[in-house]
Undergrad: 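What follows is a structure written as C-alpha cells; I'll ask about it next.
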Protein chains: 2
Amino acid sequence: MLTHAAEDYLKSIYKLQEKGGTVSTGILAAYLNVKPASATGMIKKLKTMKLVSHERYRGVTLTDAGRVIALEIIRHHRLLELYLFKALGVPWDGVHEEAEKLEHVISEDMEARMDEFLGYPTADPHGAPIPDKNGVVTQTEHIPMTDLQSGQSCVVSEVSDTDPVLLRHLGSFNLYPGTAFQVKEVAPFEGPFTIDIAGQQVVIGREAAKHIYVNNVQDTETT
Amino acid sequence: MLTHAAEDYLKSIYKLQEKGGTVSTGILAAYLNVKPASATGMIKKLKTMKLVSHERYRGVTLTDAGRVIALEIIRHHRLLELYLFKALGVPWDGVHEEAEKLEHVISEDMEARMDEFLGYPTADPHGAPIPDKNGVVTQTEHIPMTDLQSGQSCVVSEVSDTDPVLLRHLGSFNLYPGTAFQVKEVAPFEGPFTIDIAGQQVVIGREAAKHIYVNNVQDTETT
DNA sequence: TGTATAATTTAGGTATGCCTAAATTAATTT
DNA sequence: AAATTAATTTAGGCATACCTAAATTATACA
C-alpha cells in the first residue's frame with residue numbers, strides 16, 4: 001500500500017498533466033504546498049516504485065501503473081464528494097475538504113457501495129468527471145467561460161472545487177453544473193461578465209470566470 | 001490536532017480502563033500490537049500533553065482532557081459503524097475495520113450529519129453504547145453470557161466487534177443485539193452452551209460465549 | 001533478606017516526509 | 001560565448017512512531 005502523501009503526489013501529477021505540458025518539480029511542489037526539494041525526494045521514491053518516469057531537470061510523467069493509482073484516488077475523491085452531497089447533505093463548498101481526507105482511507109467495498117447508491121454517476125457536484133472502476137474517464141467537451149462573447153448562451157458544465165468562498169459565491173447565484181445562462185455584456189479590458197440566469201442579472205468577475213467551464217454554447221440575440 | 005496513533009492510544013487506554021484495573025504499559029502495548037518500549041514512548045508524549053497521568057512502573061490513567069478525546073474517537077467509531085451498516089449496507093462483520101480508519105478523519109460536521117441521519121442513536125450494530133456529543137455514555141446493564149444457567153432466557157445486548165469470523169458465525173444464527181434466546185443446556189466442565197433461538201437449536205462454544213453479553217435474564221422452564 | 005524473574009524504561013536505530021541551505025545544472029541575456 | 005539568473009538536486013536536520021537490545025526497577029520466592 002502507498003502512503004497518503006505518495007497518493008497525493010500521483011493525483012497531483014495527473015491533474016497537472018491534464019492541464020497541459022510537462023510537470024516540473026517546481027510546479028508540482030507549488031501545487032502541493034511543499035518545497036521543491038521535498039518534491040524531488042518523493043519523485044525519487046515514486047520512480048523506484050515505477051509509478052513515474054523522471055529525468056533530472058526534465059519533469060515527471062506518470063507511468064501506466066502510476067496513472068491507474070492516480071485515477072483510483074480521483075475516483076474516490078469525486079464519488080465521496082457526490083456521496084457526501086447527496087446522502088449527507090454536505091454543502092457543495094464543503095465536500096472537497098472532507099473528501100480530501102477520506103479518499104485515502106475508504107475500502108474498495110465502500111467505493112462500490114457508494115457507486116451503487118448513487119446509481120453509477122459520471123460527474124461530481126462540481127461537474128468533474130468520475131472515472132469508472134476501470135479508470136476510464138469520460139470528460140464532456142467544454143470551454144472556459146472566459147472564452148464567451150456577449151450574446152452567447154450556454155450551460156455550466158464544471159466549476160473548480162477547491163475554493164469554498166468561490167463556491168458559496170457561485171452557489172448564491174445558482175451557478176451549478178447544468179444551470180443555463182446568457183452573456184449580456186463583457187466589460188472591456190478583461191473586465192467582468194454580466195450574465196442573465198433565469199431572468200436575474202448577475203455580475204461575474206474575471207477571476208471567478210476562470211474557474212467556470214461551459215458547453216452547449218449558442219449565439220443568441222440580446223434583447 | 002492529535003496524530004492518529006495518539007488517538008488510538010487514548011481510545012485503548014479508555015477501553016482497558018473500562019474492563020477493570022490499572023492499565024500497565026505491557027497490557028496497553030499488547031492491546032495495540034506494539035512493543036512495550038513503543039508504548040512507553042507514546043505515554044511520555046501524552047503525559048506532556050496532559051492527556052494521561054503516569055508514574056513510572058505504575059500504569060497509565062486518562063486525565064479528564066484525555067477521556068474527552070477518547071470518547072470523541074469512540075463516538076466517531078460507533079456512529080460510523082452504525083452508519084455504514086444502515087446507510088451503505090456494510091455487513092456487521094465489516095464495519096469495524098472500516099470505522100477504524102475513518103474515525104480519525106471525519107469532521108465534526110460529518111459526525112453531526114450521521115448522528116442526525118441515524119436519529120441520534122445510542123448503540124452501534126454490535127450493541128455497544130454510542131457516547132453522546134457531550135461524551136456521556138449510557139451503558140445498558142448486562143452480564144456475560146458465560147454467567148447464564150440452563151433454563152434461563154435473555155436478550156442479546158452486546159457482542160464484541162473485532163473478530164469478523166466470530167461475527168459472521170453469530171450472524172448465521174441471527175445472534176444480533178435484541179435477539180432473544182433460551183439456554184437449553186450448559187455442558188459441564190466449561191463446555192459449550194446449547195440455546196434455542198426462535199425454535200432453532202444452536203450450540204455456542206465457550207470462547208464465542210465470552211464475547212456475548214445479555215440482559216433481561218429470566219428463569220424459565222425447560223420443556 | 002537476598003536473589004531470581006518479570007515488567008518497564010532508556011538508548012540507539014529505521015522509515016516516512018517535511019524543512020533549510022548549499023551545490024549543481026540549465027536557460028537566458030548581452 | 002560568457003555571465004547572470006532560475007530551476008533543480010544534494011546534503012544534512014527535525015518530528016513522528018515504530019523497532020531491538022540493554023539497563024533499570026519492582027516483585028516474588030526461598
Side-chain angles (χ1 to χ4, degrees), chain A residues 1-17 19-62 66 69-70 73 100-101 103-105, chain B residues 1-17 19-62 66 69-70 73 100-101 103-105:
Chain A
M1 243 294 108
L2 286 180
T3 60
H4 295 187
E7 290 180 346
D8 278 336
Y9 273 89
L10 292 174
K11 187 178 68 163
S12 302
I13 294 165
Y14 178 87
K15 289 191 175 183
L16 292 170
Q17 260 182 199
K19 281 194 192 167
T22 39
V23 180
S24 69
T25 305
I27 286 174
L28 180 58
Y31 189 80
L32 283 162
N33 284 309
V34 143
K35 300 293 173 233
S38 305
T40 298
M42 181 59 87
I43 288 166
K44 270 188 170 177
K45 225 165 289 170
L46 293 173
K47 194 180 179 181
T48 68
M49 299 186 228
K50 308 212 168 170
L51 298 174
V52 301
S53 314
H54 181 242
E55 281 178 275
R56 299 172 49 192
Y57 296 92
R58 285 293 169 118
V60 238
T61 318
L62 292 177
I69 295 171
I73 302 300
E100 202 66 17
K101 298 174 297 180
E103 64 187 8
H104 304 293
V105 149
Chain B
M1 243 293 108
L2 286 179
T3 60
H4 295 185
E7 290 180 346
D8 277 335
Y9 274 88
L10 292 175
K11 187 178 67 164
S12 302
I13 294 165
Y14 178 88
K15 288 191 176 184
L16 292 169
Q17 260 182 200
K19 282 194 189 164
T22 39
V23 180
S24 69
T25 305
I27 286 173
L28 180 59
Y31 190 81
L32 284 161
N33 284 311
V34 143
K35 300 293 173 231
S38 305
T40 297
M42 180 60 88
I43 288 166
K44 270 187 171 176
K45 223 166 290 170
L46 294 172
K47 194 179 179 181
T48 68
M49 299 186 229
K50 308 213 168 168
L51 299 173
V52 301
S53 313
H54 181 240
E55 282 177 273
R56 298 171 47 183
Y57 297 92
R58 285 292 168 120
V60 239
T61 319
L62 291 177
I69 295 171
I73 302 300
E100 202 66 16
K101 298 173 298 178
E103 65 188 9
H104 303 293
V105 149

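Computed from a prediction, not measured in an experiment: that's the story for all the values here. By convention in this document, chain letters (A, B, ...) are assigned in the order of the sequence lines, proteins followed by strands, and residues within each chain are numbered from 1.
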Undergrad: Atom OH of B:Tyr57 and atom P of D:dA28: how far apart are they, to the nearest Å?
TA: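 So the OH-P distance, B:Tyr57 to D:dA28, works out to 15 Å.
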Undergrad: To the nearest Å, give me how far apart CD1 (B:Ile43) and C1' (D:dA17) are.
TA: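 For the pair B:Ile43 CD1 and D:dA17 C1', the rounded distance is 14 Å.
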Undergrad: Distance check, rounded to the nearest 0.5 Å: A:Thr22 atom OG1 versus A:Leu28 atom CG?
TA: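 Between A:Thr22 OG1 and A:Leu28 CG, I get 12.0 Å after rounding to 0.5 Å.
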Undergrad: What heavy-atom pair brings A:Leu16 and A:Val23 nearest, and what distance separates the two atoms?
TA: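 Looking at all heavy atoms of both residues, the shortest contact is CB-CG2, 3.7 Å.
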Undergrad: Closest approach of A:His104 and A:Glu7, non-hydrogen atoms and distance?
TA: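 Nearest heavy atoms, A:His104 then A:Glu7: ND1-OE1, 2.7 Å.
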Undergrad: Send over the distance from B:Arg56 CZ to D:dT24 P, rounded to a whole Å.
TA: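 In whole Å, D:dT24 P lies 11 Å from B:Arg56 CZ.
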Undergrad: Say whether, by atom type as modelled, one donor and one acceptor occur between the side chain of B:Lys11 and the main chain of B:Ile73 under 3.5 angstrom.
TA: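 Judged by distance alone, no pair lies under 3.5 Å.
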Undergrad: Atom NZ of residue position A:Lys50 - does it have more than 12 heavy atoms of other residues, nucleotides or ligands inside 6.0 Å?
TA: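 Result for NZ/A:Lys50: open.
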Undergrad: Do you know which two heavy atoms are closest between B:Ala70 and B:Tyr14, and how far apart they sit?
TA: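 So the two residues come closest at CB-CB, 3.8 Å.
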Undergrad: Return the value, rounded to whole Å, for the distance between atom NE2 of A:His4 and atom P of D:dT16.
TA: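 Taking NE2 of A:His4 and P of D:dT16, I get 18 Å after rounding.
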Undergrad: On DNA chain C, which is the earliest and which the latest nucleotide, 5' to 3', with an atom closer than 4.0 Å to a heavy atom of chain B?
TA: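 The protein-touched segment is C:dT8 to C:dT10.
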Undergrad: Looking at every non-hydrogen atom in both residues, tell me the closest pair between B:Ala29 and B:Ala39 and how far apart they are.
TA: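 Closest approach of B:Ala29 to B:Ala39, heavy atoms only: CB-CB, 4.0 Å.
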Undergrad: Would you kindly compare A:Tyr9 and B:Gly59 by the position of their nearest DNA chain C nucleotide and give the one closer to the 5′ end?
TA: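 In this pair, the answer is B:Gly59.
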Undergrad: Measure NE2/B:His104 against C1'/D:dA17 and give the value in whole Å, please.
TA: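 Spelled out: NE2 on B:His104 to C1' on D:dA17 is 14 Å.
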Undergrad: Kindly say whether A:Leu62 contributes a backbone atom to a donor-acceptor pair with the side chain of A:Gln17 at under 3.5 angstrom?
TA: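 Side chain of A:Gln17 to backbone of A:Leu62: a pair is present.
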Undergrad: In residues 33-42 of chain A, which residues come under 4.0 Å of DNA chain D by heavy atom?
TA: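 A:Pro36, A:Ala37, A:Thr40, in order of number.
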